[in-house]
2 protein chains.
Amino acid sequence: MADDQLSLTFAALADPTRRAILARLADGEATVNELAEPFDMSLQAISKHLKVLERAGLISRGRQAQWRPCRLEGAPLADASAWIDRYREIWHDRLGRLDEEIQRIQRHRTEETGDT
Amino acid sequence: MADDQLSLTFAALADPTRRAILARLADGEATVNELAEPFDMSLQAISKHLKVLERAGLISRGRQAQWRPCRLEGAPLADASAWIDRYREIWHDRLGRLDEEIQRIQRHRTEETGDT
DNA sequence: CAGTTGTTCAACTCTTTGGTTGAGTATGCG
DNA sequence: CGCATACTCAACCAAAGAGTTGAACAACTG
């Protein structure tokens, strides 16, 4: 995998487990054990996922006694969103045109058949 | 890699070559050769990248004689953007709070003797 | 028809990823 | 101290990714 920031972010997001972890962290900080609890997976596997998220800058980690609380960091998400948004116009256009097309067809049908 | 739609989309975006291809396609349809031209990479490699993008639904392909023109499809981008946007409030809040915190600290420094 | 162009398929290599288990480190508590 | 808790590190494995080369297919051109 490429190691530029955007690639790291998207790669980190390309896994349901990691997305679920981020969703959990949106509700506030959590420890590794708390994050691992919902998953049928070893603690070490979760630890690895957290490392991926950390490398992507999506989370940061503190130290409180033997706990390493994780916190969501939004900045890379903002960058990823900004990248995608460069295409927002395009997909809006496309979807907009699709809507128009559907409406056109339905008008057509109504005119011709007198249908609903 | 997980094969749900969102994972496929993010995984497809997690590569600079593929992102560059999408950027190129934002300007309009292109053939495989046209897409491959900027890259120092075999045509077959580009073909593979296109397959990844196609599997993620990010592009669709036509047939014109021996050419297979590619077109950008926005729908998965819209989904990806929507997923990230669920965290927009959080990252805005966080960045906002960070600003406030910095300002608070700086006020503090100025008011007191200047030390932490 | 043969030849050229555009593209894909197949097989191979090398690296990364996502999981495992087992051992090791760090902190708090009796 | 000794022990439990929270977590990480290391080694391993199977599967997937990203690239290569060589061969094949498809459609146009002379």
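Reckoned from all heavy atoms, side chains included, excluding hydrogens, waters and symmetry mates. None of these values were measured; they are calculated from a predicted model. Throughout, protein chains are lettered first and strands after them, A, B, ... in sequence-line order, and every chain is numbered starting at 1.
- For the OP1/OP2 pair of D:dG17 and a distance below 4.0 Å, the side-chain nitrogens and oxygens of B:H49 include no atom meeting the criterion.
- A:T17 comes within 4.0 angstrom of nothing in the nucleic acid, heavy atoms only.
- What separates CZ of A:F10 from C1' of D:dG17 is a distance of 18 Å, to the nearest Å.
- Taking atom CG of residue B:L50 and atom P of nucleotide C:dT8, one finds them 7 Å apart after rounding to whole Å.
- OP1 and OP2 of D:dC7 both lie 4.0 Å or more from every side-chain N or O belonging to A:S47.
- Of the candidates D:dT20, C:dC9, C:dT20, the closest approach to any side-chain atom of B:S42 belongs to D:dT20.
- In this structure, B:R61 does not reach the C:dT7 phosphate: none of its side-chain N or O atoms is under 4.0 Å from OP1 or OP2.
- One can place CD1 of B:I21 at 12 Å from P of C:dT7, the figure rounded to the nearest angstrom.
- For B:A65, the side-chain atoms get nearest to D:dA27 when compared with the rest of C:dG22, D:dA27, C:dG18.
- The distance from atom CG of A:D79 to atom CD1 of A:I84, rounded to the nearest 0.5 Å, is 11.5 Å.
- Checking side-chain atoms of B:R68 against main-chain N and O of B:G62 turns up a donor-acceptor pair under 3.5 Å.
- When each of A:Q64 and A:D15 is assigned the nucleotide of DNA chain C with its nearest heavy atom, A:D15 is the one assigned upstream, toward the 5' end.
- When each of B:Q66 and B:M1 is assigned the nucleotide of DNA chain D with its nearest heavy atom, B:M1 is the one assigned upstream, toward the 5' end.
- Atom pair A:I46:CD1 and D:dA6:P shows a separation of 16 Å (rounding to whole Å applied).
- Between the CH2 atom of B:W67 and the P atom of C:dT4 there is a distance of 17 Å, given to the nearest Å.
- Both A:R68 and A:K48 sit near DNA chain D, but only A:R68 has its closest nucleotide nearer the 5' end.
- Contact between the side-chain N/O atoms of B:T31 and the OP1/OP2 oxygens of C:dG6 is not found at any separation under 4.0 Å.
- Around CZ of B:R55, the count of heavy atoms belonging to other residues, nucleotides or ligands within 6.0 Å does not exceed 12.
- The side chain of B:R18 lies closest to D:dA18 when the candidates are C:dT20, D:dT20, D:dA18.
- OP1 or OP2 of D:dC7 sits under 4.0 Å from a side-chain N or O of A:N33.
- Looking only at distances, a side-chain donor or acceptor of A:Q5 sits under 3.5 Å from a matching main-chain atom of A:A56.
- Checking C:dT27, D:dA16, D:dA11 against the side-chain heavy atoms of A:R63 singles out C:dT27 as nearest.
- In this structure a side-chain-to-backbone donor-acceptor pair under 3.5 Å is present from B:R18 to B:A11.
- In this entry the distance linking CD of B:E37 with C1' of C:dG6 reads 15 Å, nearest Å.
- Straight-line distance from the CZ atom of B:F39 to the C1' atom of D:dG19: 14 Å, rounded to whole Å.
- Rounded to whole Å, atom C1' of D:dA24 lies 12 Å from atom CD of B:Q44.
- Toward the 5′ end of DNA chain C lies the nearest nucleotide of B:L43, the other residue of the pair A:R55 and B:L43 mapping further downstream.
- Cluster membership for B:L13 and A:Y87, using ILVMFWY side-chain heavy atoms within less than 4.5 angstrom, is shared.
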